Trainee: 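Can you read through this structure? Questions will come right after.
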Amino acid sequence: MSDKLHQNLAIIGHVDHGKSTLVGRLLYETGSVPEHVIEQHKEEAEEKGKGGFEFAYVMDNLAEERERGVTIDIAHQEFDTDEYNFTIVDCPGHRDFVKNMITGASQADNAVLVVAADDGVAPQTREHVFLARTLGINELIIGVNKMDLVDYEEGKYEEVKDEVTDLLNQVRFDTENASFIPISAFEGDNIAEASDNTGWYSGDTLLEALNDLPEVEPPTDAPLRLPIQDVYTISGIGTVPVGRIETGTMEPGNNVSFQPSDVGGEVKTVEMHHEEVPSAGPGDNVGFNVRGIGKDDIRRGDVCGPADDPPSVAETFQAQLVVMQHPSVITSGYTPVFHAHTAQVACTIESIDQKLDPSTGEVAEENPDFIQSGDAAIVTVRPQKPLSLEPSGEIPELGSFAVRDMGQTIAAGKVLEVNER
Amino acid sequence: MGKVAANMKIMPHSPEIDLDELQERLEASLPEGAQINGFERDDVAFGLVALLPTVIVADDAGGTEVVEDAFAEVEGVESVAVEDVGRI
């Protein structure tokens, strides 16, 4: 573990655009390939009388090596730049994993979007960009990859850059916070060192751009928001809610409120890893007990917050969503299940307020009759049971959701405004 | 298509549940196509211990829902959550 500032970095993009190769290349160039992979390579190289440590070997063995491991960190790999310690999350391509990305524990701070120069914007490019936007990714670095396959042509790079810029505008991603770099993850161009193959490009290499990312502030300034995962009765202790703190801090003595169950009390003890702690913060998995709260007073899906700044409960809420897949069309009255933090609640899309133009991000149609796969829209939603949510502009950790129906993730979105109960 | 590792978190019904037995029941319930790489345990609070299996599924298999549903049905399981997913 290094003492550098930490960032979670998502690698996103369409399948076969070179995400895994880029992950391998970043580990290789920063000397972060696991020691045992290098050792194994040395042994094999000596047997065959070959020298040097080759990138191709890393790619062949990394995935296999990780699959053999049993550690909990199997889904994550780390590397350092001068400023930061990065944990890489190589995002799955399939849209049904979107729910996991939204309700998961480690949300990415920034992302590298990989777009193949010979293919341009593809369906998952679009979905991942929207997901990045929904998950509150601050900065996007776009690696226009596989430049070697288009003979390092500047025209091809500019073409893809324009295409991606259109896409970013469409999801209202501030293009000021996006930077483009022509790369080849396979050949190593513009990853650690400026490439001679792209003389027309004078910007940062990928590692320089990563090192220049702004610092990430943990969300300790926001009010406490702790979605309840489970509620237990522990003998000798009483009612113990368990969950992961998303924002803010919790300390014994705090007066807290559980919403939408609408009960509250004083926190007596907070435990983490079976030890009593004086304070717990974002990312901590805690169990705690609260004076006067019974097991049946609160439930999974409740959010715990300060009594004087309680979690919002939506009578209705307005949201921006993107339809990722739906066999027909979505009209007002449609009632799928919304997954937000630990809550799963059937919600009716009461009205479709605006459809957004895919090429400009401007409003294309007011009050459209329907939306379908690929559409981005602003909708008003009415939960069928009380649901605690926050506007993503205020508390992004509690402001995103996945929409599921028929065993599939059909849409993802973020809350714009909550009309409280 | 590659494979995806999901770090899952299984909370038992109570601190009294035998975790070794629960682990065996989870392994037995695993749907076809999915694979458990290993289990870790996490001390949560007040005697509660979470089981943390790392489950491997195919990227094109369409998410972790089938595994989540199977685990949720296992005796002694209070809740199932997916903490992290990533390609391997």
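Quick caveat: nothing in here was measured; it's all calculated off a predicted structure. The sequence lines fix the lettering, A, B, ..., with proteins before strands; numbering per chain opens at 1.
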Trainee: Against chain A, work out which of B:Val4, B:Asp42, B:Leu48 has the most heavy-atom pairs shorter than 4.5 Å and name it.
Mentor: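 Top option by heavy-atom pairs under 4.5 Å: B:Leu48.
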Trainee: Once rounded to the nearest 0.5 Å, what's the spacing between atom NZ of B:Lys9 and atom CZ of A:Arg244?
Mentor: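 It is 7.5 Å, given to the nearest 0.5 Å.
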Trainee: Would you give the length of the straight line joining atom CE of B:Met11 to atom CG of A:Asp230, rounded to the nearest 0.5 angstrom?
Mentor: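 One gets 5.5 Å once the value is rounded to the nearest 0.5 Å.
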Trainee: Which one of B:Ala50, B:Gly47, B:Pro53 has the most heavy-atom pairs closer than 4.5 Å to chain A?
Mentor: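 If we count pairs closer than 4.5 Å to chain A, B:Gly47 comes out on top.
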Trainee: Determine the minimum heavy-atom distance between A:Val89 and B:Val85, stating which atoms define it.
Mentor: CG1-O, 3.6 Å
Trainee: Does CZ in A:Phe79 sit with more than 12 non-hydrogen atoms of other residues, nucleotides or ligands closer than 6.0 Å?
Mentor: yes
Trainee: Would you mind checking which part of A:Thr269 comes under 4.5 Å of any heavy atom in chain B, side chain (CB onward), backbone (N, CA, C, O), both or neither?
Mentor: both
Trainee: Can you name the nearest heavy-atom pair linking A:His274 to B:Phe46, along with the distance?
Mentor: CD2-N, 4.0 Å
Trainee: Which atoms of B:Glu16 are under 4.5 Å from chain A, going by heavy atoms: the side chain, the backbone, both sets, or neither?
Mentor: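 Neither part, no heavy atoms under 4.5 Å.
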Trainee: Is B:Val55 in contact with chain A via its backbone, its side chain, both, or neither, using a 4.5 Å heavy-atom distance?
Mentor: neither
Trainee: Less than 4.5 Å apart, any side-chain heavy atom of A:Val23 and any of B:Arg87?
Mentor: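 When only atoms from C-beta onward are counted, B:Arg87 and A:Val23 do not touch, as no gap falls below 4.5 Å.
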Trainee: At a heavy-atom distance under 4.5 Å, which candidate from A:Ser235, A:Gly236, A:Ser20 has the highest pair count against chain B?
Mentor: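 Heavy-atom pairs under 4.5 Å are most numerous for A:Ser20.
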